[in-house]
Structure formats: C-alpha cells, structure tokens
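A quick write-up on the structure given underneath.
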2 protein chains.
Amino acid sequence: MRESHAKQGPETRSRILDAAERLFMEHGFDGTSMRMITGSANVNLAAVNYHFGSKDALIQEVFTRRLTAMNKERLAALDALLEASGGEPLKPSRIVEAFFGTSLEMAADNDNGGYIFMRLLGRTYTEPNSFVRQFIAEEYSECTGRFLAELYRSLPGVPRDEILWRFHFMMGATSYAIAGTDALQLFAGKFDDSDPARLVPRLMSFLLGGLRGPLPEFQEELPVEHRNAA
Amino acid sequence: MRESHAKQGPETRSRILDAAERLFMEHGFDGTSMRMITGSANVNLAAVNYHFGSKDALIQEVFTRRLTAMNKERLAALDALLEASGGEPLKPSRIVEAFFGTSLEMAADNDNGGYIFMRLLGRTYTEPNSFVRQFIAEEYSECTGRFLAELYRSLPGVPRDEILWRFHFMMGATSYAIAGTDALQLFAGKFDDSDPARLVPRLMSFLLGGLRGPLPEFQEELPVEHRNAA
DNA sequence: GTATGATTCAAACGATCGTTTGAATAAAGT
DNA sequence: ACTTTATTCAAACGATCGTTTGAATCATAC
C-alpha cells in the first residue's frame, strides 16, 4: 500500500519533474500553476518549494535533467566520427545525422518522457524574453560550437554565414517537426503520424536536401562531393 | 493637445491591438496581463473589455486582423500563377514562393508590426492546448488546402504523404527562421541579421533544396524536371 | 525508546489576475 | 439648450497566483 498516502520519499522529486515537464509542454510556464503540478504529481503543494526552492528553479531543473545528457551524447557521437576518420574532415551528412539524430532519438522515446521534453524544448526556443532561453543557450553553446566548427571544416568553400543560416533552418525544421505536430494535423486533417520511425528518414532527406541546395545569388555552389552523399 | 489625456476615440482599438501584439510576442498570452496591455497602449484598464469583450476575444482579434488579409494575398498569388499557366500544373518552386514569400514579405515589414506578428504566429504554432490554435487552423485550412492540392498536381509521381511532410518541414524552417532569431544569436554569438532582405533568397534555397531532396528509402525519386527548377 | 534530521501536511500570506460597476466626460442629434 | 449615445475613468470584485509557516509524520541512529 504505497500509492494510497503517497509518502514514499525520494521519488517525489522525479514525480514532480515528470508532471511539470508534461504540463509545461501543454500549457506553457505561465499557464501551469504550482497547484496543477503538485496535483498532477500527487504531492503536497509545498513540495516544489521544498525540493527545488522556487518555480523558476524547477523550470531550470526540468531542462538540465535532459539537456546535459543529450548534448553529451551528441559530442560523444561527434568524437566517435572523428576518431573513425582519423581527424580528417567529416562528410556533412554524418555531422547532421549526429546532431539531429540525437534529437529525433529522444523525441521517439515515448515511454520515458523524451517526446514530451522535446516538444517542450521546441516551444521554448521561440520564447524571446523567457529567462530559460538564456540558460538553454549556455547549455547548448559548447555543443553547437563544436558541431558548427566541424561543418565549417567539412565545407571549406562555403561562406560560414551560409552554413550558420542553414544550420538554423535545420534546427527549425526539426523542432517544428517534433513540436508542431498538432499544427500539421489541423492543416491536413487526419494523417499518418502513428509511425515515428518513419519521421527520421523523412526529415533527414529534407535536411540534407536543404543543406545541399544551391547557394543563393552570386555565391558559388557547394562542392560536388556533397551533392551525392547520403 | 491630443496625446496628453489620450481620449481621442477610434484609434484606441488599434493602439490596444498593437500593444497586445507586441506583448503577446514577448511574454506569451498568459505572461501578458491586461494591465500590461492597457498600460503600454496608454488606455484605461477597462478599455479592453469594453472594446473586445474579454482577453480571449482580444487574442482572437490580434490574429484575424492580419491572418485573413495574408491568406487572401496568398490565394491571389496562386490564382495569378494559375492564370498565367492557363491552368496547367505549376512548377513546385513557384508554389512554394507564393506561399512562403508572403510570410517573409510580412516578416520583413518592420514598420507596420508585420515582423512582430509573424514572430507571435511562429510561437503560437507550437502551443498545443491553446484555443488559438484551433481557430488559426480554421483560418488557414482553405489556403493550405489549395496550396497542397497544387503541390500534389505539380508532383504527380510523389506520394502525397511525402509532400505533406515536406510542406510541414518547410513551415517549420520558415516559422523558426522568423520566430527563433534570438535562439540563433545565442547559438552563434553575434552575427549578421541586419539585412532581412538576404533572408529570403537564403531560406528559399534551403526550402527548395529540401523539397527536391531524394525521397527516403524504397520510394522513387522526384521527377527529374524538379531537380533543376529554380 | 528516544533523540535527530528529513519530509509531508493543512492553512494562510500578500500580490496580482481578468472582469465588472457606476459615475464622469466627450461627441452627435434634434 | 437638452437628450442621446459612445467612450473613458477610478475603484472595487472574487479568484487564483507563488510562497511561507509551523506542526505532524516519517526514517534512522544511538
């Protein structure tokens, strides 16, 4: 009889985090009250302030819990690629797959809340004045810095501004593909999103096609090597 | 002396709408209070409820004010293309330009609030439970329906699911390119976004590259006609 | 079994929320 | 001049917000 009076201790923190994660995704930070969180987690109202200090500190912890591990995984994937290549410049498709494949992997994890978190992350990207954004950027800076550096190295003839912009576009397409599925359903009525495994090759084809697209205007095209790489 | 006591009448509505639009973009719907709106617009607190009825009704009006005109403009651009082609299927690039060019046009309008609104729209796409999303979808349904139908007609060999997904990805890249500029700045430190005119060709190259990318897995490629269309 | 530290509990705090009210003021009609 | 209508104003409403408090309850060590 543990679930009746719900006073089982150390799992309270994670129950709060899970409930907050889902509610933040559905209703936003301001639209989610402490009472909604504690009610959904079946803990006392004061538990959040006891375990985390404040609502803002809880929000931070919701992100750090997942982001740190995810970016570490990304960097490990990049290091593995570099070791396999002996330090030589990588193919752009491999770099893109290492970065965005990690996102999609977590978004495909429906059982452990990964999908919920990635949707929350996607909607947080577009919040201009939230204190969370500044802190997310710091959490991301090392990872994006290293991946961009590898992209620069792999595309030596392409202006860095163009690479940066296309990386940005890829981030947008990916975030939106994960966070904006409701919008898609409403655009198109019912459609088949029941198989998240199909999303990965679909999105990857789109991302790599966009990355390889001819540069706008006066600028030279991407090197031919990348036009056939899969 | 009109600006002192600010009781000049019919412009109150639009002053409220402008202030609300900016504040909703910066802080979200729940993060923006009636007092913030009326304070920023220099009107009395009760003015919103008098002119619009409620906060929710104000939110709706913020969107209808711009969306109706924008989608009408999109459909007019599509009709113009169809008339020029004599009803024959259009090139996919033209369809994409007609749809997303209108978005980017409004996003480039810094003086009349178009940029602010497009950022607000982008962040609203990712809000799952907001009542605004249902209502935006209705406002969009005719327009996206017709554009998707033209895309299907212009790509007869491509499965409709794939076209729908790529349209979704293009929406994401565009929304994020507009709404997520802060995220990009934080990823990459300072960078040149001072010239919004350059965004258009950059994004178009990316979108069309993604649209033309080889289809994933077992499925056949896009017809060759589209691989060189600009 | 009793003292100690960690956690949970019900209750309340002041602040702010969206909305309503009724009087005051401005503009227009006759 | 008076009436009518539209708009603005200061003030207040109950509800809900995040947070705090002090007692109650738990687990553990002596």
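Computed over heavy atoms, backbone and side chain alike; hydrogens, waters and symmetry mates excluded. Numbers restart at 1 for each chain; the letters A, B, ... are given by sequence-line order, proteins then strands.
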Checklist line | Per A:Asn49 side chain, nearest of listed nucleotides D:dT19, D:dC9, C:dC9 | finding: D:dT19
Notebook entry, point to check: Would you say a side-chain N or O of A:Ser54 is under 4.0 Å from OP1 or OP2 of D:dG18?
Noted result: no
Margin query: Quick check on C:dT7: is either OP1 or OP2 less than 4.0 Å from any side-chain nitrogen or oxygen of A:Thr12?
Written below: no
Check: For D:dC17, does either OP1 or OP2 sit under 4.0 Å from a side-chain N or O belonging to A:Ser33?
Finding: yes
Item checked: Ring geometry between B:His168 and A:Tyr176 (parallel below 30°, tilted from 30 to 60°, perpendicular above 60°) -> tilted
Next item on the list: Rounded to the nearest angstrom, tell me the gap between atom CZ in B:Arg35 and atom P in C:dT19.
Entry: 11 Å
Checklist line | Out of D:dC9, C:dT19, C:dA11, whichever nucleotide has its closest atom nearest the side chain of B:Lys55 | finding: C:dT19
Next item on the list: Grab the CD1-C1' distance between A:Ile37 and D:dC17 for me, whole Å please.
Entry: 12 Å
Notebook entry, point to check: What nucleotide among C:dA11, D:dT8, C:dT19 has an atom nearest to a side-chain atom of A:Leu45?
Noted result: C:dA11
Checklist line | Proximity to the side chain of A:Asn44 - top-ranked nucleotide from C:dT19, C:dA10, D:dC17 | finding: C:dA10
Next item on the list: Quickly work out the B:His51 NE2 to D:dA6 P distance and round it to whole Å.
Entry: 12 Å
Next item on the list: May I have the distance from A:Arg13 (atom CZ) to C:dA6 (atom C1'), rounded to whole angstrom?
Entry: 14 Å
Next item on the list: Give the ring-plane orientation class for B:Phe99 versus B:Tyr140, where under 30° counts as parallel, over 60° as perpendicular and anything between as tilted.
Entry: tilted
